[in-house]
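In this chain, residues are counted from 1 in sequence order.
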Amino acid sequence: MKIAKDTVVRIHYTLTGDDGTQYDTSRNGEPLEYIHGNGNLIPGLEMQLEGRQPGDVFTAVVQPFAAYGEREDNLVVDVPRSQFDADLPLSVGMKFQADTASGPMIVTVIRLSDDTVTVDGNHELAGKTLHFAVEVVSVRAATAEELLPTTAHAGCAGCSGCGSGNMPSIGCSGCGCQC
């Protein structure tokens with residue numbers, strides 16, 4: 001069976017940047033499983049998986065516009081430290097969900113001072129060209145139950161932002177999780 005809309009696909013992948021830095025891999029565990037054609041992967045990778053079948057091994061290069069977009073300077077914001085709970089130990093690299101005018105957003109603390117916490121709302125891979133080494137492990141038709149909007153994808157822990165430990169491209173916008 002070939003990969004098409006509403007098929008359940010299992011892939012092994014390794015994700016690297018232009019400089020060869022490895023960002024993520026499934027090779028140390030189970031293959032990533034997702035339902036194809038429902039926005040569960042970044043568009044550039046999903047498009048390159050279309051029509052593939054089990055046993056296919058290939059590389060995919062995905063430009064920022066088809067992945068996490070370009071970096072946006074306006075998503076780096078200085079927030080007064082007084083806006084944070086005084087008992088909350090803050091550190092550079094800490095991630096949390098912030099409520100913004102356009103809805104909830106995952107932000108990362110990138111700088112701390114006595115008066116200010118600088119947060120970055122860009123995805124950590126925004127602005128980067130992504131290189132995937134992919135092996136298609138299996139493809140099957142999704143069941144009616146799997147296609148229901150409340151069905152979680154494989155490996156989902158019902159977490160905020162769908163941080164199930166799977167590939168960072170899976171997000172609650174398409175996975176159907178009740179996050």
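- The list of salt bridge (charged side-chain N to carboxylate O under 4.0 Å, His left out) pairs with a residue in residues 83-100, not counting sequence neighbours, reads Lys95-Glu124.
- Counting heavy atoms from C-beta outward, Leu125 and Leu15 have side chains that approach closer than 4.5 Å.
- Remark: the backbone N or O of Gly37 is paired with a side-chain donor or acceptor of Glu46 at under 3.5 angstrom.
- With values rounded to the nearest 0.5 angstrom, Leu49 atom CG is found 4.5 Å from Ile3 atom CD1.
- Linking ILVMFWY residues whenever their side-chain heavy atoms come closer than 4.5 Å, directly or via other members, leaves Leu41 and Val137 in distinct clusters.
- In the hydrophobic cluster analysis, where Ile, Leu, Val, Met, Phe, Trp and Tyr join through side-chain heavy atoms closer than 4.5 angstrom, Phe65 is grouped apart from Leu130.
- Residue pairs satisfying the ring pair (Phe, Tyr, Trp, His ring centres under 6.0 Å) criterion with at least one member in residues 70-97, sequence neighbours excluded, are listed as follows: Phe84-Phe96.
- Between Thr129 and Pro64, some side-chain heavy-atom pair lies under the 4.5 Å cut-off.
- Side-chain heavy atoms closer than 4.5 Å link hydrophobic residues (I, L, V, M, F, W, Y) into clusters, and following such links, possibly through other members, connects Ile11 to Met1.
- Proximity of Val107 to Val77: side-chain heavy atoms (C-beta onward) are nowhere separated by under 4.5 Å.
- Considering CD of Glu135 and CZ of Arg52, their distance stands at 12.5 Å, rounded to 0.5 Å.
- The side-chain heavy atoms of Arg140 and Arg10, taken from C-beta on, include no pair separated by under 4.5 Å.
- The two residues Ser26 and His12 come nearest to each other via the heavy atoms OG-ND1, 2.8 Å.
- Separating the OG1 atom in Thr108 from the CG atom in Leu75 is a distance of 11.5 Å, to the nearest 0.5 Å.
- Remark: side-chain polar atoms of Gln53 are not paired, donor with acceptor, to backbone N or O of Val139 under 3.5 angstrom.
- Defined by atom type and a distance below 3.5 Å, a donor-acceptor pair is missing between the side-chain atoms of Thr16 and Gln22.
- Contact of the Ile42 side chain with the Phe132 side chain is registered, since non-hydrogen atoms from C-beta on lie closer than 4.5 Å.
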Practice prompt. Show your working on side-chain contact (heavy atoms from CB on, under 4.5 Å) between Val8 and Glu33 and close with a plain yes or no.
Written response: CA-CA 7 Å; Val8 176; Glu33 182 175 275; 3.6 Å; yes
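- The nearest pair of heavy atoms linking Leu112 to Ser91 is CD1-CA, 3.7 Å.
- Contact of the Val76 side chain with the Arg71 side chain is registered, since non-hydrogen atoms from C-beta on lie closer than 4.5 Å.
- Residues Asn122 and Tyr68 have side chains not in contact (no heavy-atom distance under 4.5 Å, counting atoms from C-beta outward).
- Judged by distance alone, the side chain of Gln83 and the main-chain N or O of Pro80 form no donor-acceptor pair under 3.5 Å.
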Worksheet item: Between Thr59 and Val61, does a side-chain contact (heavy atoms from CB on, under 4.5 Å) hold up when you go through it step by step?
Response: CA-CA 7 Å; Thr59 58; Val61 178; 5.7 Å; no
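- Closest heavy-atom contact between Gln48 and Ala60: OE1-CB, 3.1 Å.
- No side-chain donor from either of Asn38 and Asn40 sits under 3.5 Å from a side-chain acceptor of the other.
- With sequence neighbours excluded, no residue forms a salt bridge (charged side-chain N to carboxylate O under 4.0 Å, His left out) with Arg111.
- In this structure, Thr7 contributes its side chain and Ala4 its backbone to a donor-acceptor pair below 3.5 Å.
- To the nearest 0.5 angstrom, Asp120 atom CG is 12.5 Å from Ile106 atom CD1.
- Thr25 places a side-chain N or O within donor-acceptor distance of the main-chain N or O of Tyr13, the cut-off being under 3.5 Å.
- Val117 has its side chain out of reach of Met94: every pair of non-hydrogen atoms, C-beta onward, lies at least 4.5 Å apart.
- Neither Leu32 nor Val57 shares a network with the other; the hydrophobic side chains, linked directly or stepwise wherever heavy atoms of I, L, V, M, F, W or Y lie under 4.5 Å apart, form separate groups for each.
- Taking every heavy atom of both residues into account, Ser138 and Pro54 meet most closely at CA-CG, 4.0 Å.
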